[in-house]
Visitor: 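One structure is given below, represented as structure tokens, and several questions about it will come after.
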Amino acid sequence: MAEETPKTTLPITTEEEEEAVVHLEDEVMVSGVSLADKNKNTEAENVAEFSDFKEESNRVSDLTEAEKKALEELKQLIQESLTKHEFFSLAVNPPKEEKKPESLVADKKEHVLESVVDLATKTEDKEHVSESVVDDVATKKGEKKEEEEAASEVKETEESEKNTRTDEGEKKEDESKVKETKVVFAPSIDEDEAKTVEAIEETVVAVSSITTSTVSEPSTKEEEEAKEDIKDEASSTPTLVPPEEVSIWGVPLLLDERTNVILLKFLRARDFKVKEAFTMIKNTIKWRKEFGIDELLEQENLVDNDLEKVVYMHGFDKEGHPVCYNIYGEFQNKEVYKKTFSDEEKREKFLRWRVQFLEKSIRKLDFTPGSVSTIVQVNDLKNSPGPGKWELRQATKQALHLLQDNYPEFVAKQVFINVPWWYLAVNRMISPFLTQRTKSKFVFAGPSKSVETLLRYIAPEQLQVKYGGLSKDGEFGSNDAVTEITVRPAAKHTVEFPVTEKCVLSWELRVIGWDISYGAEFVPSTEGSYTIIIQKARKVASSEEPVVYNSYKVGEPGKIVLTIDNQSSKKKKLLYRFKTKPSSFD
């Protein structure tokens with residue numbers, strides 16, 4: 001299944017998880033959880049988690065036979081689509097089935113004959129109509145005598161015209177004139193009725209002429225036209241083009257073994273149902289083109305710099321996954337909230353920026369089999385606006401649907417910190433409806449357990465100072481390993497840094513929650529030498545600077561000793577690291 005998250009966040013999620021988790025805030029409004037329940041449920045301060053999720057291998061050799069078969073079937077479907085240019089509407093339509101020349105000529109002949117028969121039938125019908133109209137008009141007027149005179153005049157006209165003819169072609173012309181004259185010289189018909197008869201007769205003559213010419217047209221001409229059409233179609237038939245090239249997240253499909261890693265994400269999101277996974281891939285590629293992902297990656301300054309504090313990447317977890325932080329307390333700033341969600345245009349711009357951020361983060365992943373191709377999401381709910389912010393809910397819901405449909409299996413772990421008590425209460429109610437695989441990806445921690453939870457998954461040198469780590473700008477970097485020590489209640493612990501040559505020794509130290517005494521001194525190796533106090537023992541309150549930094553210029557062999565005195569009734573976590581650099585004395 002593809003990953004999903006509760007509705008108050010924008011991480012990547014799945015359909016099943018969305019059904020159960022995405023409406024947490026809505027459910028808590030009607031769940032009837034009271035403050036009395038809060039007092040009873042001290043678990044709000046504890047970590048709500050399930051058995052750790054073990055990420056599946058993305059190596060083909062580690063798949064089951066059924067999974068290998070599904071992968072091969074999916075690759076075959078993709079290859080066919082690439083060949084037919086089905087992913088993008090960029091390719092020419094496939095050529096239509098061509099008819100043989102003999103078939104085309106026969107079709108055209110049959111069509112011409114049908115047209116001739118049809119025209120002849122219409123001609124006969126119109127001749128009958130014209131004769132009927134003339135007879136009816138003559139009878140209606142009752143002027144038989146005048147008709148006879150008209151007929152006599154017509155006869156005389158025919159004889160005079162016959163005398164002037166010299167060839168057979170003029171006879172045909174004369175017959176046409178006779179028909180026209182017959183209409184013109186109907187003397188006792190009203191003017192409107194005469195026009196009607198004349199129009200009908202002219203139509204009869206015209207149709208008769210067309211029929212004659214059509215029938216007499218040689219069949220060889222039709223055959224020539226059919227051959228010309230075949231040539232035209234042959235010239236317009238597109239030439240064969242190579243399969244289209246389609247890339248997703250910077251990985252060309254079916255070009256190398258990285259494709260297997262991409263396709264396995266879609267297969268796992270659809271429980272290895274090949275057709276469903278294939279449909280998901282096609283829809284994702286179509287959406288990426290419509291959304292303009294390639295162009296989006298080139299755009300700059302989509303939103304204000306304020307949102308850089310809302311979503312950002314920082315460090316890696318202990319298994320090498322990049323860590324993405326979603327800080328929703330930043331939306332408590334009314335100005336930031338207004339600039340981000342006040343209208344549809346701003347929400348759309350925020351969505352595009354969020355997708356752009358995710359795309360850039362994914363491009364940094366390594367899709368080589370056996371490498372890390374997923375991320376860890378840390379969702380800080382401290383001071384989150386909660387369910388009352390309709391605009392944030394709408395934007396989050398829209399983002400969730402978009403991410404779950406187009407970014408499957410990109411989250412290895414979802415860690416929620418500073419979770420409100422009601423959030424944990426609702427989580428307990430919905431957890432029975434989640435699959436074990438889904439539940440294993442989620443970790444929820446209340447405020448007092450957030451640092452401890454983060455340190456379980458993220459090394460201190462990779463974790464920001466504000467979340468209990470030592471990662472910050474300064475002399476020490478993420479490659480300088482940190483040592484973790486648990487100091488028991490009412491116990492004293494010492495840390496020693498041996499020094500054998502002249503140097504400058506620097507160290508960083510923090511105790512989670514502090515409320516302990518701390519001191520530092522240098523003890524020379526030479527017998528009889530005096531101990532040098534570097535930091536006089538003093539009590540460090542939890543409100544003071546979270547990290548203590550010291551350095552000492554060592555001029556002789558010896559050791560630096562740090563003393564941590566935990567006088568409280570709670571165990572404390574001590575974090576420290578040190579480094580040396582050469583130094584010369586005058």
Side-chain angles (χ1 to χ4, degrees), residues 42 44-47 314-315 317-318 323 325 327 329 378 380-383 415-421 443 445-478 480-497 505-523 531-552 559-579:
T42 57
E45 294 299 314
N46 296 328
V47 178
H314 186 91
D317 76 342
K318 292 180 179 180
V323 181
Y325 291 83
I327 318 300
V378 174
D380 187 357
L381 303 184
K382 184 178 181 180
N383 297 325
V415 182
F416 295 83
I417 60 174
N418 296 312
V419 178
W421 64 270
V443 177
S448 67
K449 296 293 182 181
S450 292
V451 172
E452 178 183 335
T453 301
L454 289 174
L455 287 172
R456 184 176 304 172
Y457 300 103
I458 305 173
E461 60 268 23
Q462 298 286 342
L463 186 63
Q464 290 176 289
V465 170
K466 70 175 182 177
Y467 288 122
L470 292 177
S471 177
K472 62 181 180 63
D473 295 334
E475 183 176 345
F476 291 88
S478 59
D480 297 316
V482 176
T483 302
E484 300 181 50
I485 300 272
T486 298
V487 182
R488 299 192 308 270
K492 185 180 292 187
H493 183 82
T494 58
V495 178
E496 297 183 356
F497 303 141
L505 189 144
S506 303
W507 66 92
E508 280 186 331
L509 174 143
R510 81 174 295 176
V511 175
I512 305 302
W514 285 102
D515 195 24
I516 54 93
S517 292
Y518 159 71
E521 58 186 13
F522 174 70
V523 181
T531 298
I532 301 173
I533 304 297
I534 301 173
Q535 170 66 60
K536 186 177 181 180
R538 69 180 183 90
K539 188 171 184 177
V540 182
S542 58
S543 59
E544 295 188 34
E545 284 294 321
V547 179
V548 171
Y549 171 82
N550 284 118
S551 64
Y552 182 72
K559 60 183 179 180
I560 291 179
V561 180
L562 310 180
T563 303
I564 308 297
D565 187 3
N566 180 16
Q567 299 176 358
S568 70
S569 59
K570 297 180 180 180
K571 61 182 180 181
K572 300 288 184 177
K573 183 175 286 293
L574 167 65
L575 308 175
Y576 68 88
R577 58 182 170 179
F578 70 96
K579 63 168 41 178

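When reading the values below, keep in mind they use all heavy atoms of this one structure, side chains included, and skip hydrogens, waters and symmetry mates. When a residue number appears, it is its place in the shown sequence, counting from 1.
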Visitor: Listed by chain and number, what are the salt bridge (charged side-chain N to carboxylate O under 4.0 Å, His left out) partners of Lys492, not counting sequence neighbours?
Guide: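 Partners of Lys492 under the salt bridge (charged side-chain N to carboxylate O under 4.0 Å, His left out) test: none.
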Visitor: How many angstroms lie between atom OG1 of Thr563 and atom NE2 of His493, to the nearest 0.5 angstrom?
Guide: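 Answer for the OG1-NE2 pair, Thr563 versus His493, is 9.5 Å.
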Visitor: Could you give the distance from CH2 (Trp514) to CG (Asn566), rounded to the nearest 0.5 Å?
Guide: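 Atom-to-atom, Trp514:CH2 and Asn566:CG are 11.5 Å apart.
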Visitor: What heavy-atom pair brings Glu461 and Ser471 nearest, and what distance separates the two atoms?
Guide: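 Between these two residues, the closest heavy atoms are O-CB, 3.4 Å.
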Visitor: Rounded to the nearest 0.5 Å, how far does CG of Leu562 lie from CG of Leu509?
Guide: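 If I round to the nearest 0.5 Å, the distance is 6.0 Å.
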Visitor: Tell me whether the count of non-hydrogen atoms from other residues, nucleotides or ligands lying under 6.0 Å of NZ in Lys382 goes above 12.
Guide: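 Counting other residues, nucleotides and ligands, NZ of Lys382 stays at 12 neighbours or fewer.
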Visitor: Identify the two heavy atoms, one from Ile512 and one from Gly468, that lie closest to each other, and give their separation to 0.1 Å.
Guide: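 Nearest pair, atom of Ile512 first, then Gly468: CD1-O, 3.5 Å.
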Visitor: Apply side chain to side chain contact (heavy atoms under 4.5 Å, CB included) to the pair Val548 and Tyr518, showing each step before the final yes or no.
Guide: CA-CA 10 Å; Val548 171; Tyr518 159 71; 3.9 Å; yes
Visitor: Before you tell me yes or no, could you show the steps for Val511 and Val487 under side chain to side chain contact (heavy atoms under 4.5 Å, CB included), namely the whole-Å CA-CA distance, both residues' side-chain angles and the distance that decides it to 0.1 Å?
Guide: CA-CA 9 Å; Val511 175; Val487 182; over 6 Å; no
Visitor: So Asp380 and Tyr467, side chain to side chain contact (heavy atoms under 4.5 Å, CB included) or not? Walk me through it.
Guide: CA-CA 10 Å; Asp380 187 357; Tyr467 288 122; 2.8 Å; yes
Visitor: Are there more than 12 heavy atoms of other residues, nucleotides or ligands under 6.0 Å from atom NZ of Lys571?
Guide: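 12 or below, so no.
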Visitor: Any sub-3.5 Å donor-acceptor pair from Ser450's side-chain atoms to Ile417's backbone N or O?
Guide: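 Not at all, since once roles are kept as given, no pair shorter than 3.5 Å links the two residues.
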Visitor: Nearest 0.5 Å please: distance from the OH atom of Tyr576 over to the OG1 atom of Thr483.
Guide: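 Between Tyr576 OH and Thr483 OG1, I get 4.0 Å after rounding to 0.5 Å.
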Visitor: Does any N or O in the side chain of Asp515 come within less than 3.5 Å of the main-chain N or O of Ser542, such that one atom is a donor and the other an acceptor?
Guide: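 No; judged by distance alone, with no hydrogens or angles, the pair does not exist.
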Visitor: How close do Lys573 and Leu455 get, heavy atom to heavy atom, and via which atoms?
Guide: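 Shortest heavy-atom contact: CD-CD1, 3.6 Å.
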Visitor: Atom OG of Ser448 and atom CG of Asn418: how far apart are they, to the nearest 0.5 Å?
Guide: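 Separation between the atoms: 9.5 Å.
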Visitor: Quick one: which of Trp507, Tyr552, Phe497 gives a ring pair (Phe, Tyr, Trp, His ring centres under 6.0 Å) with Phe578?
Guide: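 Single pass found, and it is Phe497.
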Visitor: Kindly check if the number of other-residue, nucleotide or ligand heavy atoms within 6.0 Å of NZ (Lys539) is above 12?
Guide: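 No, the 6.0 Å shell around NZ holds no more than 12 heavy atoms from other groups.
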Visitor: Is a side-chain donor-acceptor pair under 3.5 Å present for Gln464 with Tyr325?
Guide: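 On atom types as modelled, these side chains do not qualify, holding no pair under 3.5 Å.
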Visitor: Provide the closest heavy-atom pair for Gly469 versus Val547 in the form atom of the first, atom of the second, distance.
Guide: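 So the two residues come closest at O-CG2, 4.5 Å.
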Visitor: Which pair of non-hydrogen atoms, one from Glu496 and one from Val561, has the smallest distance, and what is that distance?
Guide: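 The pair with the smallest heavy-atom distance is CG-CG2, 4.0 Å.
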Visitor: From Asp565 CG over to Ile516 CD1, what is the distance, rounded to the nearest 0.5 angstrom?
Guide: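 Output value for this atom pair is 8.0 Å.
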Visitor: At their closest point, which heavy atom of Val323 faces which heavy atom of Asp317, and how far apart are they?
Guide: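 Closest approach of Val323 to Asp317, heavy atoms only: CG2-N, 3.6 Å.
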Visitor: Answer whether the closest heavy-atom distance between the side chains of Leu574 and Val495 falls below 4.5 Å.
Guide: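 They are in contact (side-chain heavy atoms under 4.5 Å apart), so the answer is yes.
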Visitor: Going through the distances and angles, do Asp480 and Glu508 end up as a side chain to side chain contact (heavy atoms under 4.5 Å, CB included)?
Guide: CA-CA 11 Å; Asp480 297 316; Glu508 280 186 331; over 6 Å; no
Visitor: When you measure from the side chain of Lys572 to the backbone N and O of Ile564, does any donor-acceptor pair fall under 3.5 Å?
Guide: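 Pair absent, no side-chain N/O of Lys572 close to backbone of Ile564.
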